[in-house]
Novice: 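Can you keep this structure in mind? I'll have questions shortly.
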Amino acid sequence: QNWEKKFTEEKLGQAEKTELDTHFENLLSRADCTKNWTEKIYRQTEVVLQPNPGARIEEFLFEKLDRKVPPRPTNGEILGQFMLEAAKEFGPGTPYGSTLIKVGDCQRRLGGAEREFLQTSSISFLTPLRNFLEGDWRTISKERRLLENRRLDLDACKARLKKAKTAETKAAAVPDFQEARPRNYVLSASASALWNEELDKVSHELRVAQTEFDRQAEVTRLLLEGISSTHVNHLRCLCEFVEVQAMYYSQCHKYMQELQRELGRRSPHSLEVNSHPAGSPTDPSAFLPLNSPSPLETDTLQIEEVQPPASGTRKAKVLYDYDAADSSELSLRADELITVYTVPGMDSDWLIGERGNQKGKVPVTYLELLS
């Protein structure tokens, strides 16, 4: 109630407000800006990492109860499991069943990569942001409230001192000795002495209030200047988040490229060559650039020397854009028509494509062969 009374008096203009210096005001503004945007980025990152609001609430409750969140499979892992179970029903030896196994295994690996991405991002990015909001920012808010109370106390002391000075000046005024009641002089002298005593008391209280205000302002200022360190820390965490995210998408792209190559194979020879599990240390394709030809093909096939056969050339429509990985390949643009043909010893996943004077290898999966 006392605090509310002081605040109300200040709002009504009955008390003078102690203003903070410009540097301090700028620190306060920067701190508020940091808190507001950190909170927004933190909340939206949560949404990006876990779009399901029910799952977010569940994780929040487990955290408040200081219990470990139970492991939850990702959607990709669940889809992969369904596909593998379906393959058993349809028969793993059938074309549909064998394809379900390949796609299901890929979905499980995608889901596993997603789970690892979520866990790492939570530790390296979300946790530091939350620690700031629930730790440093709460400390700053507490000290700011204390500073506001010290300021109100100081302003109240200033108002009392001003009042006491005015009363003391009035009481010390020279009495009218011509007045019929000389006792006024005695009363005036007594009042002046009382106000002098009050003035000394209020002056002492003002000095104490000023000292406490200055001390609290210094504590708060040091905390606010620490926001610069917070920015540096959050910058480091942001860079780590980007690295983790880039690694996750790179893994997903790699898995999908491997799956496309698996589904695009047609000859028993290519199946035999790539019989190692995808991503295993013995699988050389795991260490090759995406869309790159096999080492054997690179060594033996010189595009400039390839001549189209007398017969067997076909027209093909390009389904998707494709950027050539090196000079031996031909870049493609969706919906264009090119001439394609094969040459002996060439990987069945690739054809030779021609567009005018340009020639190069093109992936079969990007084409629709026309009769």
Side-chain angles (χ1 to χ4, degrees), residues 1-46 60 63-64 121-166 198-242:
Q1 290 179 348
N2 189 34
W3 183 88
E4 289 178 354
K5 179 176 179 293
K6 295 174 186 175
F7 188 76
T8 304
E9 287 176 350
E10 201 170 79
K11 285 290 185 182
L12 294 174
Q14 297 174 5
E16 181 181 352
K17 179 179 178 180
T18 300
E19 298 293 340
L20 299 166
D21 61 73
T22 304
H23 174 64
F24 203 104
E25 291 288 355
N26 288 338
L27 289 176
L28 286 173
S29 177
R30 185 179 65 160
D32 287 332
C33 184
T34 301
K35 182 262 181 182
N36 292 336
W37 281 111
T38 300
E39 199 167 46
K40 288 182 179 180
I41 292 172
Y42 173 79
R43 299 300 177 202
Q44 192 58 33
T45 304
E46 277 191 318
F60 174 78
E63 183 180 317
K64 290 303 177 185
S121 297
S122 178
I123 294 170
S124 64
F125 189 57
L126 278 183
T127 299
L129 297 188
R130 185 175 65 237
N131 288 344
F132 166 73
L133 294 171
E134 296 182 355
D136 293 353
W137 182 253
R138 287 186 179 179
T139 302
I140 290 173
S141 299
K142 176 185 174 183
E143 297 302 328
R144 284 176 68 174
R145 286 193 297 269
L146 279 174
L147 178 62
E148 182 64 16
N149 288 336
R150 297 286 182 266
R151 186 186 65 75
L152 288 170
D153 290 342
L154 177 60
D155 293 346
C157 287
K158 288 179 179 178
R160 287 201 300 272
L161 180 63
K162 185 177 179 180
K163 181 179 179 181
K165 282 183 176 180
T166 303
E198 177 68 14
L199 195 59
D200 290 342
K201 178 183 175 184
V202 174
S203 296
H204 173 71
E205 290 177 352
L206 177 62
R207 287 193 295 274
V208 173
Q210 184 70 57
T211 301
E212 291 181 347
F213 172 79
D214 291 342
R215 184 185 298 118
Q216 186 59 37
E218 179 64 15
V219 170
T220 308
R221 182 183 64 79
L222 290 174
L223 287 171
L224 293 173
E225 288 178 345
I227 292 292
S228 296
S229 299
T230 298
H231 284 194
V232 172
N233 183 45
H234 288 182
L235 170 61
R236 179 181 57 80
C237 296
L238 180 62
C239 291
E240 289 184 13
F241 174 64
V242 172

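Owing to the predicted nature of the structure, the values given are computational and were not obtained by experimental measurement.
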Novice: How would you list, by chain and number, every residue that makes a side-chain contact (heavy atoms from CB on, under 4.5 Å) with Asn131, sequence neighbours excluded?
Specialist: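 Checked Asn131 against side-chain contact (heavy atoms from CB on, under 4.5 Å); matches are Thr127.
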Novice: Classify the ring geometry of His234 against Phe132: parallel below 30°, tilted from 30° to 60°, perpendicular beyond 60°.
Specialist: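 Perpendicular, since the angle between the ring planes exceeds 60°.
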Novice: Can you list the steps and then say if Leu154 with Lys158 is a side chain to side chain contact (heavy atoms under 4.5 Å, CB included)?
Specialist: CA-CA 6 Å; Leu154 177 60; Lys158 288 179 179 178; 3.9 Å; yes
Novice: Just wondering, more than 12 heavy atoms not from His204 lying within 6.0 Å of its NE2?
Specialist: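 No, the 6.0 Å shell around NE2 holds no more than 12 heavy atoms from other groups.
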Novice: Among all residues two or more places apart in sequence or in another chain, which pass the side-chain contact (heavy atoms from CB on, under 4.5 Å) test with Glu218?
Specialist: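 Glu218 satisfies side-chain contact (heavy atoms from CB on, under 4.5 Å) with Arg221, Leu222 once adjacent residues are dropped.
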Novice: Out of Asp32, Thr220, Thr139, which residue meets the side-chain hydrogen bond (donor to acceptor under 3.5 Å, both in side chains) rule with Arg144?
Specialist: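 By the side-chain hydrogen bond (donor to acceptor under 3.5 Å, both in side chains) criterion, Arg144 pairs with just one of Asp32, Thr220, Thr139: Asp32.
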Novice: For Thr230 and Thr38: C-alpha separation, side-chain torsions, deciding distance, then whether side chain to side chain contact (heavy atoms under 4.5 Å, CB included) applies.
Specialist: CA-CA 10 Å; Thr230 298; Thr38 300; 5.9 Å; no
Novice: State which residues pass side-chain contact (heavy atoms from CB on, under 4.5 Å) with Val242; sequence neighbours excluded, sorted by chain then number.
Specialist: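 Scan of Val242 (side-chain contact (heavy atoms from CB on, under 4.5 Å), adjacent residues dropped) gives none.
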Novice: Do other residues, nucleotides or ligands put more than 12 heavy atoms under 6.0 Å from the NZ atom of Lys165?
Specialist: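 No, the 6.0 Å shell around NZ holds no more than 12 heavy atoms from other groups.
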Novice: Working note: Arg43 + Glu46, criterion salt bridge (Lys or Arg N to Asp or Glu O under 4.0 Å); need CA distance, chi angles, decisive distance, verdict.
Specialist: CA-CA 5 Å; Arg43 299 300 177 202; Glu46 277 191 318; 3.6 Å; yes
Novice: How many angstroms lie between atom CZ of Arg150 and atom CZ of Arg215, to the nearest 0.5 angstrom?
Specialist: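 Nearest 0.5 Å value for the CZ-CZ distance: 8.5 Å.
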Novice: Does any donor atom in the side chain of Ser141 or Lys35 lie under 3.5 Å from an acceptor atom in the other side chain?
Specialist: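 Side-chain D/A pair, Ser141 to Lys35: absent.
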